[in-house]
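Start at 1 with the first residue, then count along the sequence. Being a predicted model, the structure only gives us computed values, none of them experimental. Atom set for the values below is all heavy atoms of this structure, side chains included, hydrogens, waters and symmetry mates excluded.
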Amino acid sequence: MATRLRRLTTRRSPPKLLFFALLMLAPVCVIGIYNYGQKISNFFRPLWDKPPLPFRRLPHYYAENVSVEHLCRLHNWSIRSQPRRIFDNIIFSNELDLLEIRWHELNPYVSKFVIMESNTTFTGIRKPLFFASNRARFAFAEEKIVYGVFPGRIASPGSLKDPFVLESLQRGAMNGLLHSAGISNGDLVIMSDTDEVPSPHTLKLLQWCDGVPPILHLELKHYMYSFEFPVDYSSWRATVQIYTPQTRYRHSRQSDVIFSDAGWHCSFCFRSLEEFTLKMTGYSHADRVKRKAFLNYSRIQRIICRGDDLFDMLPEEYSFKEMIKKMGSIARSDSAVHLPSYLIQNADRFRFLLPGGCKRNMVQLK
C-alpha cells in the first residue's frame, strides 16, 4: 500500500514542477519581449507582412556635356520653351549641415525654398528653432526663403501620444505655407525631408521637359551616418509633383512611378553626437530607444565608425533572403564620386560626411 502511495505521489509531482517552471519562465519571456520585441518582430516580418506593390521604374539618362534637349528625348519627353518654376518644400528639425549642402546644390534651379520648423520634436520635446537662429548661414538664398514656424506640443511626462499625429499635423501645415510662397498650377514642387536631396541634374531635366508624370517618386541612394556607408537604393518617399489645386503635402506613397537614381538620402548624417540623440528621442520612431544606454555618446560613436545599427535592430525586409543579405555592419566605401558638388568643394568643412571622417563632435555648434 505504501509503495502504491509513493507511486501516486510521484505521478502528481510533474504538474507542480511544470507550474513552477512556467511561473518562472513567464517574467523572463515578458522581459525578453520588451527588450527584444522589435527584433523578434523584424525577424518574422516575412511571415506576417507583405511587401507593397512594386513601382513602375523610369530609366534615368544622364551624362555630363549632353544637352537637356537630347536627354528629354531619351526619356520620351519633349523640350519646353522655358523651364518650370521649382518650389523646394521641407519640414526642418536640426540638420543644418545637410540643409546648407542641399540648398547650395539646388539653388540654381529652385525659385523658392519653403521651410517650416517647430519648437518641439514629434515626440513633444522642446527644442530651439535651429534654422531661425542660424538664418545668416543661408544668406546666399535669402531672397528665395519662405519660412514658417509650427507651434508644437510639449508632451507631459509619461505621455503615450502617437508622434506620427504631430508629424502629420506639421506636414499638413506645409500646404498653407506653400500657398503663401506663391506657387501656381504647373509649377514643380519637391516634397521631401531635409536629408533627402534630389540631384541638380534631376531637377534640371524635370523642369525643362514636357511629358513628365504629374507625381514622380524619386529613387535616392541611401547612406547611413555619412557618404562612407552606402546602404542601397531603397529610399522612395521623396517626390516631385506638378502642382494643381488638389496637390497636398505628403511624405508617403502617392503614385506607382519612380525615377531611378535621382539623388541622395543621408540618414543620421550629423556632425555631433548631441544631434544624434536629439533625433533618436525626437523623431516618430523614438520608441526604438529601448534603453537609456542607447543614448550613450561612446556607444553611438562606436556604432557610427562600425556602420552598425543605432537601435540594435534587424533589417526591415520582407524576405529572409534580403534580411540575411543586409545583416551585420554596412560595408564601408572609399568612393567620394558622384556626391553633391558643394560637399566636395567644401570637403574640409564637411570631413565628417566623407570616407575616413567617422569621428564626431560631442556638442552641436549653435
Side-chain angles (χ1 to χ4, degrees), residues 38-39 42 90-102 117-118 121-123 125 127-128 130-131 163-164 167 192-198 220-238 251 263-317 326-333 336 339-340 343 349-365:
Q38 204 151 32
K39 185 173 284 190
N42 282 4
I90 60 171
I91 60 174
F92 179 78
S93 177
N94 63 323
E95 310 94 337
L96 288 167
D97 290 301
L98 283 182
L99 183 65
E100 181 181 340
I101 293 169
R102 178 193 184 99
E117 69 175 330
S118 176
T121 67
F122 294 150
T123 55
I125 301 171
K127 75 172 188 67
F130 288 104
F131 177 79
F164 285 100
E167 178 181 352
S192 71
D193 285 347
T194 306
D195 58 4
E196 299 167 337
V197 185
L220 307 179
K221 189 170 184 179
H222 190 200
Y223 297 84
M224 187 66 68
Y225 311 136
S226 72
F227 293 98
E228 184 174 13
F229 295 101
V231 182
D232 54 23
Y233 282 90
S234 62
S235 181
W236 56 266
R237 291 181 179 275
H251 194 241
W264 313 273
H265 181 184
C266 202
S267 296
F268 283 92
C269 290
F270 295 117
R271 182 184 296 270
S272 73
L273 299 172
E274 182 185 36
E275 291 171 281
F276 277 84
T277 58
L278 177 60
K279 178 165 182 176
M280 290 170 72
T281 56
Y283 81 145
S284 295
H285 297 289
D287 60 325
R288 294 174 177 177
V289 181
K290 293 298 184 183
R291 294 183 290 278
K292 286 186 178 180
F294 279 20
L295 304 176
N296 181 275
Y297 280 3
S298 60
R299 174 188 178 272
I300 295 172
Q301 180 62 83
R302 186 168 59 252
I303 283 173
I304 294 169
C305 287
R306 290 178 179 174
D308 289 339
D309 189 88
L310 281 171
F311 305 100
D312 192 26
M313 290 174 55
L314 293 175
E316 297 179 272
E317 296 297 334
K326 292 185 179 179
M327 279 183 176
S329 304
I330 304 167
R332 182 180 272 103
S333 170
L339 298 183
L343 168 62
R349 289 184 55 218
F350 299 111
R351 180 59 59 187
F352 69 99
L353 291 175
L354 295 169
C358 69
K359 293 295 183 181
R360 297 299 199 266
N361 299 331
M362 297 288 285
V363 181
Q364 180 174 5
L365 299 177

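Side-chain N or O atoms of Arg102 include one that pairs as donor or acceptor with a backbone N or O of Glu196 at under 3.5 Å. A donor-acceptor distance shorter than 3.5 angstrom exists from the side chain of Thr123 to the backbone of Thr281, with no hydrogens or angles considered. When atom types are taken as modelled, the side chain of Lys279 and the backbone of Asn94 share no donor-acceptor pair closer than 3.5 angstrom. Without hydrogens or angle criteria, Glu117 side chain to Phe131 main chain gives a donor-acceptor distance under 3.5 Å. The closest donor-acceptor contact from the side chain of Tyr225 to the backbone of Asp308 lies under 3.5 Å. The closest donor-acceptor contact from the side chain of Asn296 to the backbone of Ser298 lies under 3.5 Å. Under the 3.5 Å distance criterion, the side-chain polar atoms of Lys221 are left unmatched by any main-chain donor or acceptor of Pro230.
Between Leu353 atom CG and Leu339 atom CG the span is 9.5 Å, to the nearest 0.5 Å. The CG atom of Leu273 sits 6.0 Å away from the CD1 atom of Ile300 when rounded to the nearest 0.5 Å. Atoms CE and CG, from Met280 and Leu310 in turn, are 5.0 Å apart once rounded to the nearest 0.5 Å. The distance from the CH2 atom of Trp264 to the CD1 atom of Ile101 is 10.0 Å, given to the nearest 0.5 Å. Once rounded to the nearest 0.5 Å, the distance linking CG of Leu278 with OG of Ser93 reads 5.0 Å. Distance CD/Glu228 to SG/Cys358: 6.0 Å, rounded to 0.5 Å.
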*Passes salt bridge (charged side-chain N to carboxylate O under 4.0 Å, His left out), Glu317 versus Lys326? Steps please.*
CA-CA 9 Å; Glu317 296 297 334; Lys326 292 185 179 179; 2.9 Å; yes
*asked:* Please evaluate residues Ile303 and Asp309 with respect to the criterion side chain to side chain contact (heavy atoms under 4.5 Å, CB included), reporting the C-alpha separation (whole Å), side-chain torsions for both, the decisive distance (0.1 Å), and the verdict.
replied: CA-CA 7 Å; Ile303 283 173; Asp309 189 88; over 6 Å; no
*Go through Val289 and Thr277 one step at a time and tell me if the side chain to side chain contact (heavy atoms under 4.5 Å, CB included) criterion holds.*
CA-CA 10 Å; Val289 181; Thr277 58; over 6 Å; no
*Determine, step by step, whether Phe229 and Phe268 satisfy the side chain to side chain contact (heavy atoms under 4.5 Å, CB included) criterion, reporting the C-alpha distance in whole Å, the side-chain angles of both residues, the deciding distance to 0.1 Å, and the verdict.*
CA-CA 11 Å; Phe229 295 101; Phe268 283 92; over 6 Å; no
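In terms of heavy atoms, Pro163 sits closest to Ser284 at CG-O, 3.5 Å.
Legend: residues meeting ring-ring contact (aromatic ring centres under 6.0 Å, His included) with Phe164, ordered by chain and number and at least two apart, are His285. Residues satisfying the ring-ring contact (aromatic ring centres under 6.0 Å, His included) test with Tyr223, not counting sequence neighbours, are Phe227. Residues passing the ring-ring contact (aromatic ring centres under 6.0 Å, His included) test with His222 are His265, sequence neighbours excluded. Partners of Phe270 by ring-ring contact (aromatic ring centres under 6.0 Å, His included), not counting sequence neighbours, listed by chain and number: Phe276. Every salt bridge (Lys or Arg N to Asp or Glu O under 4.0 Å) that Arg349 has, sequence neighbours left out, goes to Glu100.
Using a 4.5 Å heavy-atom threshold, the side chains of Pro315 and Met327 count as touching. Under the 4.5 Å side-chain criterion, counting only non-hydrogen atoms from C-beta, Gln301 is in contact with Lys359. Residues Ile90 and Ser192 have side chains in contact (heavy-atom distance under 4.5 Å, counting atoms from C-beta outward).
With respect to Asp97, the salt bridge (charged side-chain N to carboxylate O under 4.0 Å, His left out) criterion is satisfied by exactly one of Arg360, Arg351, Arg271: Arg271.
Legend: ring-ring contact (aromatic ring centres under 6.0 Å, His included) pairs involving residues 287-316, not counting sequence neighbours: none detected.
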